[in-house]
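Contents: one structure, followed by commentary.
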Amino acid sequence: MNAEEKLTIAVAGGTGTLGRGVAGTLRSRGHQVRVLSRRSREYRVDLTTGEGLDRALAGCDVVVDASNSTSPKGAARTLVDGSRRLLAAEEAAGVRHHVCVSIVGCERVPFGYYRAKAAQERVVEAGPVDWTLVRATQFHELVAGLFTSMARFGVLVLPRMPLRTVASAEVALAVADAAGGPALRGRIEVAGPETADVRDLARQWRSVTGSRARMVPLALPGAVGRAVRSGALTTDRPDVTGTTTFVEWLEERERRG
Ligand SMILES: NC(=O)c1ccc[n+]([C@@H]2O[C@H](COP(=O)([O-])OP(=O)(O)OC[C@H]3O[C@@H](n4cnc5c(N)ncnc54)[C@H](OP(=O)(O)O)[C@@H]3O)[C@@H](O)[C@H]2O)c1
């Protein structure tokens, strides 16, 4: 596929935080985009059953999988088994390129959701369709959302954990670039411009939002604690580096209201 070619691209999870940005970027570049999800108006699909996939993928050149489910059962059914179903339907439909969105360092954190993401990557790498994996670090949106949820209880419970958070809009650009290009049978890693401990991110969040939530340190035990403390979810050498810092992203969000 050359960069100028106009493609028909299905975005599974195209109604989600990342998927919306991917679908919008691809449309703005002139591609035909189909948004697939359980609540999509156009292409209702359920990755846990395969319902709707055949119709949704007929005539597609490329599939981006930006679906997500974070509960242990949901992650296994949607991300791992769902990828198998999606890839089988893609093979039947003659899809040429599968772009899977994953997480930097997921294989280094022995915890349910990250294990499922690493298993999803293996399914894609061994699957029947040529692939590209775009791995991102945690989105600014995710971290701000977690702080907001905890602050409703008046506290921010914070393990020590370096993160290199990134704006989902910048990840969406990298995913759209991958979807418009050739299948790499390899990985692209996307990260934000700076690494900061989650406690520093919480301080920044309190200062921008004016929250008075109390910061409570948490010592995460065991192998998961050791992994995240040692920076398992970050990278020093991303292939693509976003430019928007967490503070800049927060300030922009506050300005927009
Ligand atoms: N959030 C982060 O910080 C982050 C960081 C790095 C990488 N990622 C990766 O980025 C991807 C997208 O994450 P996100 O945070 O944007 O997800 P999200 O906002 O939770 O969106 C999930 C999407 O998946 C769809 N979906 C869920 N279950 C489905 C099912 N059974 N069948 C079909 N569609 C289903 C949802 O739509 P319906 O509910 O309508 O089905 C929605 O469109 C994931 O692969 C995630 O691992 C996320």
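One-based numbering, in listed order, for ligands and for the atoms of each. Values below: every heavy atom of this structure, side chains too, minus hydrogens, waters and symmetry copies.
For ligand 1 and Val101, the ligand atoms under 4.0 Å from any heavy atom of the residue are 9 (C), 10 (O), 11 (C), 45 (O). Counting atoms of ligand 1 from 1 in the listed order, those under 4.0 Å from a heavy atom of Gly16 are 19 (O), 21 (O), 42 (C), 43 (O). Near Leu142, with a cut-off below 4.0 Å to any heavy atom, the atoms of ligand 1 are 3 (O). Taking every non-hydrogen atom of Val45 and a distance limit under 4.0 Å, the qualifying atoms of ligand 1 come out as 32 (N), 33 (C). Close contacts of ligand 1 with Tyr113, meaning ligand atoms under 4.0 Å from a residue heavy atom, involve 46 (C), 47 (O). In the vicinity of Thr48, heavy-atom distances shorter than 4.0 Å reach the ligand 1 atoms 31 (N). Applying the 4.0 Å criterion to heavy atoms of Leu18 picks out, from ligand 1, the atoms 10 (O), 16 (O). If you number the atoms of ligand 1 from 1 as listed, the ones under 4.0 Å from a heavy atom of Ile103 come out as 6 (C), 7 (C), 47 (O).
Distances from atom 6 (C) of ligand 1 to the heavy atoms of Thr137, Leu86, Val143 show the closest one on Thr137. Heavy-atom proximity to atom 48 (C) of ligand 1, evaluated over Tyr114, Tyr43, Phe139, is greatest for Phe139.
Polar contact with ligand 1: absent for Asp65 (N/O pair, distance under 3.5 Å). The distance criterion of under 3.5 Å between nitrogen or oxygen atoms is met by Thr15 with respect to ligand 1. Considering backbone and side-chain N/O atoms, Lys117 comes within less than 3.5 Å of an N/O atom of ligand 1.
Ranking protein heavy atoms by distance to atom 23 (C) of ligand 1, first place goes to Gly13 CA, 3.6 Å. Of the protein's non-hydrogen atoms, Ser37 OG, 2.8 Å is the one closest to atom 40 (O) of ligand 1. Nearest protein neighbour of atom 14 (P) of ligand 1, counting heavy atoms only, is Asn68 ND2, 3.9 Å. Scanning the protein for heavy atoms near atom 44 (C) of ligand 1, the closest one is Ser67 O, 3.3 Å. Looking at atom 31 (N) of ligand 1, its nearest protein heavy atom turns out to be Asp46 OD1, 3.0 Å. Protein heavy atom closest to atom 35 (C) of ligand 1, with residue, atom name and distance, is Arg38 NE, 3.9 Å.
Donor-acceptor pairing under 3.5 Å is lacking for the side chains of Ser102 and Gln120. Under the 3.5 Å distance criterion, with hydrogens and angles disregarded, no donor-acceptor pair is assigned to the side chains of Thr245 and Glu194. Inspection of the Glu141 and Ser168 side chains reveals an N or O donor paired with an N or O acceptor under 3.5 Å. Side chain to side chain, Glu254 and Thr209 fail the donor-acceptor criterion of an N or O pair below 3.5 Å.
Using a non-hydrogen distance threshold of 4.0 Å, Ala66 registers as a contact of ligand 1.
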Salt bridge (Lys or Arg N to Asp or Glu O under 4.0 Å) assessment of Asp46 paired with Arg38: CA-CA 5 Å; Asp46 188 341; Arg38 290 167 303 180; 5.2 Å; no
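Using modelled atom types, no side-chain atom of Arg229 and backbone atom of Met161 make a donor-acceptor pair closer than 3.5 Å. Thr137 places no side-chain N or O within 3.5 Å of a backbone atom of Thr234 that could act as its donor or acceptor partner.
Heavy atoms of Ser102 found under 4.0 angstrom from ligand 1 belong exclusively to the backbone. Of all the heavy atoms of Val104, none lies under 4.0 Å from any atom of ligand 1, so neither backbone nor side chain is involved.
Screening Arg77, Arg85, Arg84 for a side-chain hydrogen bond (donor to acceptor under 3.5 Å, both in side chains) with Asp81, the sole residue that qualifies is Arg84. Evaluated for a side-chain hydrogen bond (donor to acceptor under 3.5 Å, both in side chains) with Asp130, the options His97, Arg185, His98 yield exactly one hit, Arg185.
In the hydrophobic cluster analysis, where Ile, Leu, Val, Met, Phe, Trp and Tyr join through side-chain heavy atoms closer than 4.5 angstrom, Leu163 is grouped together with Trp205.
Ring pair Phe246/Trp249 is parallel by interplanar angle, where below 30° counts as parallel and above 60° as perpendicular.
Under the 4.0 Å criterion applied to side-chain N and carboxylate O atoms, Glu248 and Arg253 are not assigned as salt-bridge partners.
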